[in-house]
Participant: 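Can you keep this structure in mind? I'll have questions shortly.
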2 protein chains.
Amino acid sequence: MQKESGTTSDGGADAFAADLLRGHTDTIVLGVLRREDRYGFEIYKAIRDATGGDYEIKEATLYAAYRRLVKDGLVEAYWGDESQGGRRKYYRITDAGRAVYRRNVDAWVVTRRTIDSLLDLKGS
Amino acid sequence: MQKESGTTSDGGADAFAADLLRGHTDTIVLGVLRREDRYGFEIYKAIRDATGGDYEIKEATLYAAYRRLVKDGLVEAYWGDESQGGRRKYYRITDAGRAVYRRNVDAWVVTRRTIDSLLDLKGS
DNA sequence: GTGTAGTAGTTCATCAGATACAGTACTGGT
DNA sequence: ACCAGTACTGTATCTGATGAACTACTACAC
């Protein structure tokens, strides 16, 4: 994508979308998987619905996150036997994944407080 | 299977630092400049102190942000006349900058709520 | 006088996450 | 048959954050 002479302050009206979630994707996925196993597209839809259209974490972003999480041993993948040709790859959170999830939630709380204080959003 | 990300056996413990602030840097800088003009290193110190060591936005990151903000017309830069060789480059937020700041704060509130709900953090 | 540390600013190469885009494959409705 | 939606994958590209190195001045010590 290009800037299109983006000096106009309006050019970036919707440009701040999902970059603000950057770095939190893995934690969000772990959060979804915390309760039960889900398959990839299901997680995508769950997040898409939960964000209510405000943000949308793109499929490619999520599948990259799955790959990362599997590589790091935080989730395990297995193919569901839909047997009608459906090929759903399910993900299960591991103990290591739960530990990282808890740690990342703590980190998120700190992050939230940090940004709030930097933006002076205590009670105003 | 394995958890260690492979790069460093122990480095993962606190490796989640400032990437979580990613995308918010510009807004944070605008937030600092909202009240009064500041020079680069001063902003750096202000943020470093405000984060209390939890995170630290690196100098290079901030100077890159200043460049970006100036390029986009959200802040203006001018040299302070310290006249003792001191070379402090001050930054002043523009009207466009204030507008973007307000918009980004709104976006942050949505982001915060979004992540909170995805992590199921209603009341913690 | 030299050394060292802190202040202040800048440039550059590199990394990693997010995304656009393209592709494969199956299913259900018209 | 066609098309939209489901479901998964791969790759190229963009951007922000960072490490590292650099210039330059001041202050304090030895």
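Below, chain A is the first sequence line, B the second, and so on; all start at residue 1.
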Participant: Roughly how many Å is it from CD1 in A:Ile57 to P in C:dT19, rounded to a whole number?
Facilitator: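 Spelled out: CD1 on A:Ile57 to P on C:dT19 is 7 Å.
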Participant: Looking only at side-chain N and O atoms, does A:Tyr39 come under 4.0 Å of OP1 or OP2 in D:dA7?
Facilitator: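 It does, given that an N or O in the side chain of A:Tyr39 lies less than 4.0 Å from OP1 or OP2 of D:dA7.
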Participant: Run B:Tyr91 and B:Tyr39 through ring pair (Phe, Tyr, Trp, His ring centres under 6.0 Å) and show every step you take.
Facilitator: CA-CA 6 Å; B:Tyr91 295 97; B:Tyr39 61 92; 9.4 Å; no
Participant: Would you mind reading off the distance between B:Lys71 atom NZ and D:dT15 atom C1', rounded to a whole angstrom?
Facilitator: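 From B:Lys71 NZ to D:dT15 C1': 11 Å.
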Participant: Just the rounded figure in Å: distance from P of C:dG9 to CZ of B:Arg38.
Facilitator: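 From B:Arg38 CZ to C:dG9 P: 13 Å.
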Participant: Choosing from C:dA8, D:dT18, D:dA7, which nucleotide comes nearest the side chain of B:Thr61?
Facilitator: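 Nearest to the side-chain atoms of B:Thr61, counting from C-beta on, is D:dT18.
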Participant: Does the side chain of A:Tyr101 pick up a donor-acceptor pair with the side chain of A:Asp26 at under 3.5 Å?
Facilitator: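 Not at all, the side chains of A:Tyr101 and A:Asp26 share no donor-acceptor pair under 3.5 Å.
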Participant: Figure out the CG/P separation between A:Leu21 and C:dT19, and round it to whole Å.
Facilitator: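 Interatomic distance, CG of A:Leu21 to P of C:dT19: 8 Å.
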Participant: For D:dA7, does either OP1 or OP2 sit under 4.0 Å from a side-chain N or O belonging to A:Lys45?
Facilitator: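 Yes, within the criterion.
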Participant: In this structure, how many angstroms lie between the P atom of D:dA24 and the CZ atom of B:Arg87, rounded?
Facilitator: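 Those two atoms, CZ and P, are 8 Å apart.
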Participant: Among D:dG16, D:dA7, C:dA16, which nucleotide sits nearest the side chain of A:Arg22?
Facilitator: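 Closest nucleotide to the A:Arg22 side chain: C:dA16.
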Participant: To the nearest Å, give me how far apart OH (B:Tyr66) and P (D:dG16) are.
Facilitator: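 Interatomic distance, OH of B:Tyr66 to P of D:dG16: 16 Å.
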Participant: Taking B:Glu56 first and then B:Arg48, would you say they form a salt bridge - that is, a charged N and a carboxylate O separated by under 4.0 Å?
Facilitator: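 So B:Glu56 does not pair with B:Arg48 through a salt bridge.
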Participant: Considering just the side-chain nitrogens and oxygens of A:Thr25, establish if one lies under 4.0 Å of OP1 or OP2 belonging to C:dA18.
Facilitator: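 Result: yes.
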Participant: Only one of A:Lys89, A:Arg92, A:Arg88 passes salt bridge (Lys or Arg N to Asp or Glu O under 4.0 Å) with A:Asp37; say which it is.
Facilitator: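 Checked A:Lys89, A:Arg92, A:Arg88 against A:Asp37; only one passes salt bridge (Lys or Arg N to Asp or Glu O under 4.0 Å): A:Arg92.
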Participant: Out of C:dT19, C:dG9, C:dG17, which nucleotide sits closest to the side chain of A:Lys58?
Facilitator: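 The answer is C:dT19.
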Participant: Measure from NZ on B:Lys89 to P on C:dT10 and round the result to the nearest Å.
Facilitator: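 Rounding to the nearest Å, NZ of B:Lys89 and P of C:dT10 are 4 Å apart.
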Participant: Classify B:Glu59 by what it touches in the nucleic acid, base, sugar-phosphate, or nothing, heavy-atom distance under 4.0 Å.
Facilitator: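 Touches a base.
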Participant: Considering only side-chain heavy atoms of A:Arg68, which listed nucleotide, C:dT7, D:dG19, C:dG17, is closest?
Facilitator: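 Nearest to the side chain of A:Arg68 among the choices is C:dG17.
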Participant: Nearest heavy-atom pair of B:Leu20 and A:Gly23: which atoms, and what distance?
Facilitator: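 Distance-wise, the nearest heavy atoms are CD2-O, 3.5 Å.
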Participant: Whole angstrom is fine here: how far is it from OH in B:Tyr63 over to C1' in D:dT15?
Facilitator: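 Distance check: B:Tyr63 OH to D:dT15 C1' gives 21 Å.
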Participant: Base, sugar-phosphate, or nothing for B:Tyr44, non-hydrogen atoms under 4.0 angstrom?
Facilitator: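 No contact.
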